[in-house]
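This report concerns only the one structure given below.
As the structure lists them, so they are numbered: ligands from 1, and atoms in each ligand from 1.
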Amino acid sequence: MILSIDYNKHSYRVKYKGFLNKGKGFEQSIKVIKDNNKNRRIENWFYDFLNKYQEELNEEIFDIAFSSTRHEIEVVSDIVFRFNKDRKVKVELKTRELEKSNLIKDFKSILTEIKQKDKDDVIKQYFVEKNLFTYLDKIDKSEAQIVIAATMSAGKSTLINALLGESLMPSKNEACTATICKIKDIDGKENFSALVKNENGNIIDEHNDLNADTLSKINDSGNDKFLTVEIEGDIKNISSENISVVLIDTPGPNNSQNDQHKEVTYNYIKDSNHKPLIIYLLDVTKLKTTDDKSVLEEIAEFIKDKGVSTEDRFLFVLNRIDDLDHEKESIETIIISTKKYLAETIGISNPKIFPISAEFARLCQSNQTGKLTRNEKLALRKYEDIFLPDADEEYAGIDIIKFAPILEKDKESLLKNLDSKDRLTQCLHRSGISALQLHIQKYIENVHETELGHDLLSNLIPHFDKLKNQVQGLTEKEKKAIKEDIKKIKKSEKVLNSKLEILTSKLSEISSKNNTIDKLKNRVEKDFGQIYTNLRDEEATKSQAYRARHIANKVIQNLEISLKSSVRLELDYDLKKKWIGIINIIKIDFDDFINDLDLSDKATSILSNDFHIILNSSNIYRVKTRRIVKTGEVEISTSTWWKPKSWFSFKKEEVWEIRDEYDLNKIYNELKIPELKLKVEGMLDNVNKNYNDNVNLYIKEGKKIVNTIESDFSQRTTPKLLDLQNNITEINQKTDNIKYDLQNYLEQINKCK
Ligand SMILES: Nc1nc2c(ncn2[C@@H]2O[C@H](COP(=O)(O)OP(=O)(O)OP(=O)(O)O)[C@@H](O)[C@H]2O)c(=O)[nH]1
Ligand SMILES: [Mg+2]
């Protein structure tokens, strides 16, 4: 299985598939990856990895698949090439190029978008709180500093002019530059402007339209004081879309009247924060002088301290290639000897050395704008004679690009331009400046931009992730509180409903069947029955008649009292007691609602005022009848002494009596008992009706109260519940929006390879 490696140039993340996945037998190779994954650029450790991998794989010919962006592929290809040469093996790199995108630009647009959000936007608040908009500043203020350092008169200012495409920097063939000159690239700016600052960083002079003469005067005034000139203008030959390029011209540290200048050069060398690219110029005619040595030692010391990976930050430029006697000394040998010198004397192992002629490059460009003096024109002709091929004299010229330490591919693409008959391009190539420019350009892109991208990625992505989780957590907390409120309302609704149930069941008790009236009617039936029984016999004696009427009176009197007390106690009082019970329940359980409730007792009395049972009077004498009643016979002797035949004969004789008789029936009729019974029954019906009316009234009132309580409760809680539900929906919506935004940002960034 072929080893395949994916590398993200911004996150420095490595993903691998193949043998390594199994782990076994590849511990050392994996360790190299793990030690570097996500924190170092691949060029800093890939050679090391190849070493370990080849050892553990124990093969001499094998393939590796590698996918990344173009530059990374080039770098890794170069490492593989070197590795194959060193180890005499045949590793083949199969590459897949991923499309390059602009991470810094993406971050900038995301940060700007977040910054423009509303004040109360959660993402914005988080960014403010965590001070993350400083990264926007960081992007805006990010600088790719390029420091040109060298001993005096090596051609620093000349090189800067060549890179600028304009002869702005003062340059003489003697100690010249006396200030620190920074030129910040502002694309498209038509002129140069400058701020002159003193030792304390205060502005002492300002120029809106800076030219070479003015700068020269400023420079001269720097001889007796420490000045920094901050220039802004278009650096025509180097540019970066995302980072401001700043070219820094320094005075030769060996010649300065001011010790601070040396310190400044050293500070730039050691500045791990901005990681300026240090272009150290070596005057090819004055190689290996002691003047260079002290600065180079400082560089070597730094590299030793920080590790070989920092070597990339230092470029060596062999200037004045035109000054070589090419018939005696080839560029190749001088580069080899310079390398040797740098390695042996100061221990810089693999320096990148660019041979150039800065003055030639400068003159070519100034010629373009027609600003050359006569002497300069003569000089340019001389340089062209040296560098350009001359077919007539069969002179091949000097092809500096050949010696430039850039990738072969890049050389090819540069040389392609040579086919064009454009003389300026040809001169720039042959002066060596175009290869140097390309290298600087790539360095900015692949180091400054990649590191800034990595910085943004590693510092901001965790925040996006954290925020994503936090938003969920935050809103969960918020939602939980709301849900708690909803639960409380629902619970109180439940409690209320169970209490209302009790109330309703108490209410229904009111209407439960009451048999008092039936019982009373039975009683009436019975009592009147008794009266009837008593007055049933038609005839009675006086005393019997009196007694019977008396009893009837008593029964009626008792009946009235008994009915009244029964109605009062068993109906009226009982009903009211039940109602009061209901009112009490309401007062205790629903005192929240009492204000709006009418608890008055609207029931009327069940017994009407004329509930009296009055027996008619009857006159006993009116029912008296006097009769002669045959009470019997007596035998009377009819014998007479004279008639013996008559002796012992008897005759029956009737006995009659006058008797008073009382007709009870009449009394019954006179007392109008049936009518009275009907009347009593009617009164009871009336009582029953009143009772039922009261029951209905209570039930109606009770239901009204229940309804009032229910509607009052729902009036209070429904809008609140709705509000709470809406809140939850809103929060969900908000969370979704935030998550959607964050996801979008993350996707946008993850697309960047
Ligand atoms: N022949 C030749 N002369 C050069 C070249 N580059 C620069 N010079 C000349 O060398 C002299 C010094 O160049 P500068 O650019 O002023 O040197 P510098 O390093 O800035 O010097 P200081 O500012 O004094 O430290 C000038 O006269 C330049 O014309 C070159 O490539 N070839
Ligand atoms: Mg100078």
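Not counting sequence neighbours, Lys88 has no partner by the salt bridge (charged side-chain N to carboxylate O under 4.0 Å, His left out) test. Remark: Asp35 engages Lys31 in a salt bridge (charged side-chain N to carboxylate O under 4.0 Å, His left out) (not counting sequence neighbours).
For Thr179 (side chain) and Thr228 (main-chain N/O), no donor-acceptor pair under 3.5 Å exists by modelled atom type. One N or O on the side chain of Thr250 and one on the backbone of Ile148 form a donor-acceptor pair closer than 3.5 Å.
The Tyr383 neighbourhood of ligand 1 comprises atoms 1 (N), 2 (C), 3 (N), 32 (N), with distances under 4.0 Å to a heavy atom of that residue. When each atom of ligand 1 is checked for a heavy atom of Ser171 under 4.0 Å away, the hits are 13 (O), 14 (P), 15 (O), 16 (O), 26 (C), 28 (C).
Residue nearest to atom 8 (N) of ligand 1, selected from Met169, Arg320, Arg362: Arg320 (by heavy-atom distance). Counting heavy atoms only, Lys156 comes closest to atom 18 (P) of ligand 1 of the residues Met152, Lys382, Glu376, Lys156.
Among the backbone and side-chain atoms of Met169, none of the N, O or S atoms lies under 2.8 Å from the Mg ion (ligand 2).
Under 4.0 angstrom from ligand 1, the non-hydrogen atoms of Asp322 all belong to its side chain.
Between Phe360 and ligand 1, not a single N/O pair is under 3.5 Å apart.
Enclosure of atom NZ in Lys286 by more than 12 non-hydrogen atoms of other residues, nucleotides or ligands within 6.0 angstrom is indicated.
Ring centroids of Phe107 and Tyr135 are separated by 6.0 Å or more, keeping the two rings apart.
For Ala154, the heavy-atom gap to ligand 1 drops under 4.0 angstrom.
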